[in-house]
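Order of the sequence lines fixes the chain letters, A, B, ..., with proteins taken first and strands second; residue numbering starts at 1 for each chain.
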Amino acid sequence: MALEDLFKKLVSHCKEYGYVFPSSEIYDGLSAVYDYGQYGVELKNNIRKYWWDSMVLLNRNIVGIDAAIFMHPTTWKASGHVDAFNDPLIDNRDSKKRYRADTLIEEHIEKIEEKVQKEIDKARAKFGDAFDEAKFRSTNQRVLSLQSKIDEIHARYSRAMKENNLAELRQIIIDNEIVCPISGTRNWTEVRQFNLMFSTEMGSTADGAIKVYLRPETAQGIFVNFLNVQKSGRMKVPFGIAQVGKAFRNEIVARQFLFRMREFEQMEMQYFVTPGTELEWYEYWKEKRMKWHLALGFGKENYRFHDHEKLAHYANAACDIEYKFPFGFKEVEGIHSRTDFDLKQHQIYSGKKMQYFDPDKNESYIPYVIETSIGLDRMFLHIISAAYHEEEIEKEDGTKDMRVVLRLPSCLAPVKLAVLPLIRKDGLPEIAEKIVEDLKFDFNCQYDDKDSIGRRYRRQDAIGTPYCITVDHQTLEDQTVTIRYRDSMEQERVPVAGLREIIAEKVSIRSLLKQL
RNA sequence: GCGGGAAUAGCUCAGUUGGCAGAGCAUCAGCUUCCCAAGCUGAGGGUCGCGGGUUCGAAUCCCGUUUCCCGCUCCA
């Protein structure tokens, strides 16, 4: 099947079987926002737990926090988010290229200045030593007219930038007949402000309110709490702080289902290390994180590292772990060596020391940071697309049959088992109900007695239930039931009394964690 | 954001020249009692994405808009 078709089918499947719905669908939806349904939320919770346990349970020196989504606005000045993402952008309709409107105007001014310089150079060559530049500038008609043009544009431009007047910026471009360097045309769109951060107001009265942002990443909540955790938890470098939470980015283009959403959930761990050791730890976490992915059993060939050539201003090494999605290899996790950039910035902006006293070295320093940052929604999309299979089955009479099955790892599956009476009489439903009543304290169970047994198996396959317990007539005689396995479709007879232990062993997250 | 395509039942889709809103699957209630879907009977489910226009009459033609998909662009 073409990968593109597979992706479409996956999206339909997610909706049809209660995994993912478009947000506010009855109002035509909201662009790039999705809701998790009854099974989606279970799968997502299980993925989150797998990550959290692998960090906080398995590492004595990693602890978790849950910081608020709102943070003091200065946080985002310190982190660089306020300045870095506030550009007025304009598109040329012919070349389809996007430019910063302010840059276009500044370049235009520079061009005029070059013309002035040319005039001056020409005159200097003409008059030699007797040339008086200041006098030339103040008397030459051509230079004067160019200069007044520069002054005029500059005045308009700085006023527009100050007032954040986007229409005026566009008008300056139009009035000065600035063309696209590629197409050479003046077919411009409106100027738009692209700020990656969502903002809102905190405080009930309009004049007392301050502008606050919805965090565009969870990392800063960890950085600002670095000393709180270190001191209250008596942590010693190296140590880590883990956090799972929502982040918000006003993406220009948000697409590909759950892959790029405006509201999304990150699972981040910031690991604080001694300066100079960061690249060793970077390698350590690269390997560690890849192991976490591979333990899910979706095949080594579907993962790869992608090292960043162009590093962000805060990093001295960075890579992504990419998974082969139906639409190609794409990032699911980033591992970055963030240096001491963030803590240093917070120290500057807050005026508070963000230093750690190292008793071994008997000195204070700002630790370096290795970040592992994984998108929970991306991980969800990764797992469900890896799990989705359409299979052709040969029946006993030789005819072919199709089934859709989600081969989710048992410990991540939303529903762990379904208990099914073979037929709806002879007391079989009652026995099945009793089994569910007993096991519901341990597992997410379902009971189903509608339609033929084969159809019920297929329903469970479609939502990825790994085990189906079937109560049949033999159960009446010897208190045994069959376990039907989702992937092999094979069955095994076991005593009812042993069910809890058998299932617990199979669906435990322990087996996954032990591989790490 | 630009360009292209799409939107009809929960899902997949049909709908003729503009003339009664359809099918399969799914769901629900029965029947059947079966170990791997598609046996029988019946039922529910729709402002044809939304808004406007043309028309005696619009799912169908026109305009706008929203959402989704593909390519480009963007993604510290």
Novice: Should the side chain of A:Arg249 and the base of B:C75 be counted as holding a donor-acceptor pair, with the cut-off at 3.5 Å?
Specialist: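 No pair found.
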Novice: Can you figure out which of B:C68, B:C35, B:A26 approaches the side chain of A:Gln491 most closely?
Specialist: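 Shortest atom-to-atom distance from the side chain points to B:C35.
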Novice: Mind checking who B:U17 pairs with, Watson-Crick or G-U wobble, both distances under 3.5 Å?
Specialist: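 Per the H-bond distance test, none.
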Novice: Taking for each residue the nucleotide of RNA chain B bearing the nearest heavy atom, is the 5' side occupied by A:Thr470 or by A:Ser12?
Specialist: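 Nearest nucleotide further toward 5': that of A:Ser12.
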Novice: How long is the span from the CE atom in A:Met267 to the CG atom in A:Leu376, to the nearest 0.5 Å?
Specialist: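 Taking CE in A:Met267 and CG in A:Leu376, the distance rounds to 4.5 Å.
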Novice: Under 3.5 Å, is there any donor-acceptor pair linking the side chain of A:Arg260 to the base of B:C75?
Specialist: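 Yes, the side chain and the base share a sub-3.5 Å donor-acceptor pair.
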Novice: Compare the minimum distances between each of B:A37, B:C11, B:A76 and the side chain of A:Pro216, then state the nucleotide with the smallest one.
Specialist: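 Closest of the options to the side chain of A:Pro216: B:A76.
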Novice: Going by purine N1 to pyrimidine N3 plus the second Watson-Crick contact, or the G-U wobble pair, all under 3.5 Å, which nucleotide sits opposite B:U41?
Specialist: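 Its partner is B:A29.
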Novice: Does B:U55 pair with anything, Watson-Crick or G-U wobble, both distances under 3.5 Å, and if so, with which nucleotide?
Specialist: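 Checking every strand shown, B:U55 finds no partner, since no pair has both distances under 3.5 Å.
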Novice: From B:U33, B:C75, B:C34, pick the nucleotide closest to the side chain of A:Arg424?
Specialist: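 Of the options given, the side chain of A:Arg424 lies nearest B:U33.
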Novice: Please give the nucleotide sitting opposite B:C74 as a Watson-Crick or G-U wobble pair, both distances under 3.5 Å, or none.
Specialist: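 By the stated definition (distances under 3.5 Å), nothing pairs with B:C74.
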Novice: Identify which nucleotide among B:C36, B:C11, B:C28 has an atom closest to any side-chain atom of A:Glu16, counting heavy atoms from C-beta outward.
Specialist: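 Among the listed nucleotides, the one closest to the side chain of A:Glu16 is B:C11.
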Novice: Does the structure show a Watson-Crick or G-U wobble partner for B:U47, both distances under 3.5 Å? Name it, or say none.
Specialist: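 Because no pair has both required distances under 3.5 Å, B:U47 counts as unpaired.
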Novice: Distance criterion of 3.5 Å, no angle test: do you see the side chain of A:Tyr27 paired donor-to-acceptor with the base of B:C50?
Specialist: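 Such a pair does not exist between side chain and base.
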